Amino acid sequence: MKVITRFPPSPTGHLHIGGGRTAIFNWLLARHFGGEFRLRIEDTDATRSRQEYTDSILASMKWLGLDWDGEIFYQSRRLDVYNAYIDQLLETGHAYWCDCTPEEVEAMREVARAKGEKPRYNGKCRDRGLKAGPGRVVRLRVPDDGRISFDDMVKGPISVDVSELDDMVLRRTDGMPTYNLAVVVDDHEMGVTHVFRGDDHVSNTPKQILLYQALGFDIPTFGHVPMICGPDHQKLSKRHGARAVVEYQKDGLIPQALVNYLVRLGWSHGDQEIFSLPELIQLFDGTNLNSSPAAFDPDKLKWLNAHYLRAMPLDELAAMTRPFLAELGYDVDQEKIKSLLPMYVERSTDIAMLAQALTVYFKSADEIVIEDKAKKALNDDGRQQLSRLHGLISAMPVFSAEALDALLHDYVEKNSLKFKQVGPPLRSALIGLAGGPSVHDIMAGLGKEESLKRIRRAAELAS
Ligand code: GLU
């Protein structure tokens with residue numbers, strides 16, 4: 001059997017990390033078994049669905065590296081298909097027309113509630129033999145008895161008595177199919193064999209299984225993934241990281257880090273934390289999924305991202321950093337970025353931070369703002385050292401990090417100074433900061449002319 005999974009987002013918002021994780025699980029399962037991963041846009045809610053969200057979801061999928069197979073299904077273009085299956089259900093007696101008003105249905109629910117039963121439609125129109133007509137819906141005829149049981153890939157065996165289930169609406173008064181009908185039809189037509197989705201859908205699954213049975217379709221294997229919760233084990237809020245994938249992208253996260261993080265949030269392989277993508281594909285077979293909610297931990301995500309950042313080839317990292325610098329107003333050469341990166345990868349946890357640190361290399365000398373902490377080093381002695389060093393550096397025949405390092409050590413030694421009398425004033429002059437990479441590396445990154453300008457400017461600052 002070929003494993004076919006799917007991800008069916010509703011384009012009513014950007015792709016959030018919860019949806020992203022569900023997509024990753026489905027993608028990994030398909031890739032593990034050499035199957036297919038399909039994509040479907042559930043856009044039947046015309047008032048809330050927007051093209052810009054479809055575009056954004058697809059862009060986030062691509063950014064995460066989740067490629068899909070075959071054509072994308074758009075539910076809004078498939079109304080005839082749904083209606084054909086609804087007709088089939090009507091013809092086979094598995095469904096019926098109903099003209100009860102929403103008020104009547106609510107009153108039935110009220111009666112059930114008053115009796116201490118599950119609120120539901122009482123089956124009034126089941127045998128009235130109604131035909132299509134304005135204001136009418138189509139309902140599923142739920143069998144009178146029996147149980148619906150399935151073995152959930154995450155939660156284990158689940159069993160529900162059909163008496164718990166309602167004669168649910170399949171086709172609304174406006175002719176649109178309901179979620180449950182459209183999902184079953186599409187999953188069948190796409191050949192879906194395995195479904196991972198959020199456990200907010202677990203109560204829909206028995207209803208969908210009834211539909212699979214009524215339509216004579218094979219039933220896929222389901223896995224309901226618990227929600228991601230906040231560090232306090234409460235519902236994940238925006239403040240905790242319940243954000244769109246695109247926001248993490250803007251924050252400078254590395255997609256592989258986010259994928260690694262989200263997979264571990266609900267799946268484990270011993271206590272291993274870091275997984276390459278090929279490793280995940282090899283190991284993820286739909287087992288070892290956690291049935292209790294996982295807590296989102298922003299510090300761990302940061303740690304993982306820093307790990308990926310440091311492990312990334314410099315060419316790739318430079319290519320990723322370039323658009324961030326462009327966004328900050330510095331449209332600069334990728335090779336130049338690459339040459340500066342080694343100074344900052346160890347000091348950064350994300351690409352936005354990296355790009356921010358590099359801006360100082362693309363500013364002009366008079367744009368350098370010296371932070372308060374860095375001003376201390378520019379006292380009389382510091383400025384005097386800068387004046388002298390200016391002369392020595394301008395006379396250097398070869399300007400390189402090694403030559404600068406040698407020059408500075410020589411200077412300190414010959415003048416019986418401490419290195420902290422030259423390092424901090426230089427760093428303040430060059431980048432305006434009290435901390436950062438070695439001054440010889442900074443100067444090599446800036447180049448001779450720019451380094452000298454900045455040293456002169458700081459040496460001449462009034463105390
Ligand atoms: N469009 C549904 C959602 O975003 C899909 C649920 C499912 O996977 O069946 O919740």
Side-chain angles (χ1 to χ4, degrees), residues 3-30 36-58 60-61 64 66 68 72-79 81-82 85 140 148 150 152-155 158 168-170 172 176-212 215 217-228 235-236 242-246 262 266 286 289:
V3 168
I4 302 181
T5 63
R6 49 47 153 198
F7 180 58
S10 308
T12 52
H14 299 286
L15 179 64
H16 271 248
I17 53 163
R21 183 182 59 159
T22 308
I24 296 166
F25 284 169
N26 283 296
W27 183 86
L28 282 174
L29 196 74
E36 283 179 24
F37 172 66
R38 307 288 312 269
L39 199 57
R40 173 169 82 229
I41 303 297
E42 302 209 324
D43 56 352
T44 49
D45 184 344
T47 50
R48 292 173 61 224
S49 298
R50 293 227 221 109
Q51 183 61 41
E52 64 181 271
Y53 290 133
T54 297
D55 296 342
S56 162
I57 292 167
L58 298 185
S60 289
M61 299 276 294
L64 289 170
L66 307 177
W68 55 88
I72 300 176
F73 269 40
Y74 288 87
Q75 287 193 325
S76 60
R77 302 177 195 166
R78 293 175 47 78
L79 300 184
V81 179
Y82 306 128
Y85 282 106
L140 178 75
I148 301 292
F150 61 102
D152 193 281
M153 287 185 279
V154 183
K155 294 181 183 288
I158 295 182
M168 65 176 158
V169 174
L170 304 176
R172 297 186 218 280
M176 295 301 266
T178 53
Y179 156 75
N180 282 313
L181 185 279
V183 161
V184 169
V185 166
D186 286 340
D187 283 346
H188 168 73
E189 291 220 335
M190 292 171 126
V192 169
T193 60
H194 293 74
V195 171
F196 276 120
R197 61 184 164 204
D199 71 358
D200 48 335
H201 284 289
V202 73
S203 62
N204 282 321
T205 302
K207 301 178 196 171
Q208 292 178 14
I209 290 176
L210 278 179
L211 269 172
Y212 278 99
L215 287 161
F217 298 160
D218 288 339
I219 302 166
T221 304
F222 295 94
H224 292 90
V225 186
M227 299 284 108
I228 301 173
K235 192 177 179 313
L236 189 65
R243 299 160 71 218
V245 169
V246 65
L262 291 176
L289 286 147

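These numbers come from a predicted model, not from an experiment. Note that ligands are numbered from 1 as they come in the structure, with each ligand's atoms numbered from 1 the same way.
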Centroid-centroid distance, Y212 to F150, less than 6.0 Å: no
Below the 3.5 angstrom mark, is there an N/O of P8, backbone or side chain, next to an N/O of ligand 1? yes
For [atom], grab the closest protein heavy atom and report residue, atom and distance to one decimal in Å.
| atom | value |
| --- | --- |
| atom 8 (O) of ligand 1 | R6 NH1, 2.6 Å |
| atom 4 (O) of ligand 1 | S10 OG, 3.6 Å |
| atom 3 (C) of ligand 1 | H201 NE2, 3.8 Å |
| atom 7 (C) of ligand 1 | Y179 OH, 3.3 Å |

Whether the R197 and H224 side chains hold a donor-acceptor pair (N or O, under 3.5 Å, no angle test) is what I'd like checked. yes
Among side-chain atoms of Q75 and D43, is any donor-acceptor pair under 3.5 angstrom? no
Any donor-acceptor pair under 3.5 Å linking the side chain of T221 with the backbone of H194? no
Identify, by atom number and element, the atoms of ligand 1 in contact range of E42, meaning under 4.0 Å from any of its heavy atoms. 1 (N), 2 (C), 5 (C)
Supply the atom-to-atom distance F7 CZ to E42 CD, rounded to the nearest 0.5 angstrom. 9.5 Å
Any idea which part of Q75 is under 4.0 Å from ligand 1, heavy-atom wise: side chain, backbone, both or neither? neither
Judged by non-hydrogen atoms, does F196 sit under 4.0 Å from ligand 1? no
More than 12 foreign heavy atoms under 6.0 Å from CG of D45: is that the case here? yes
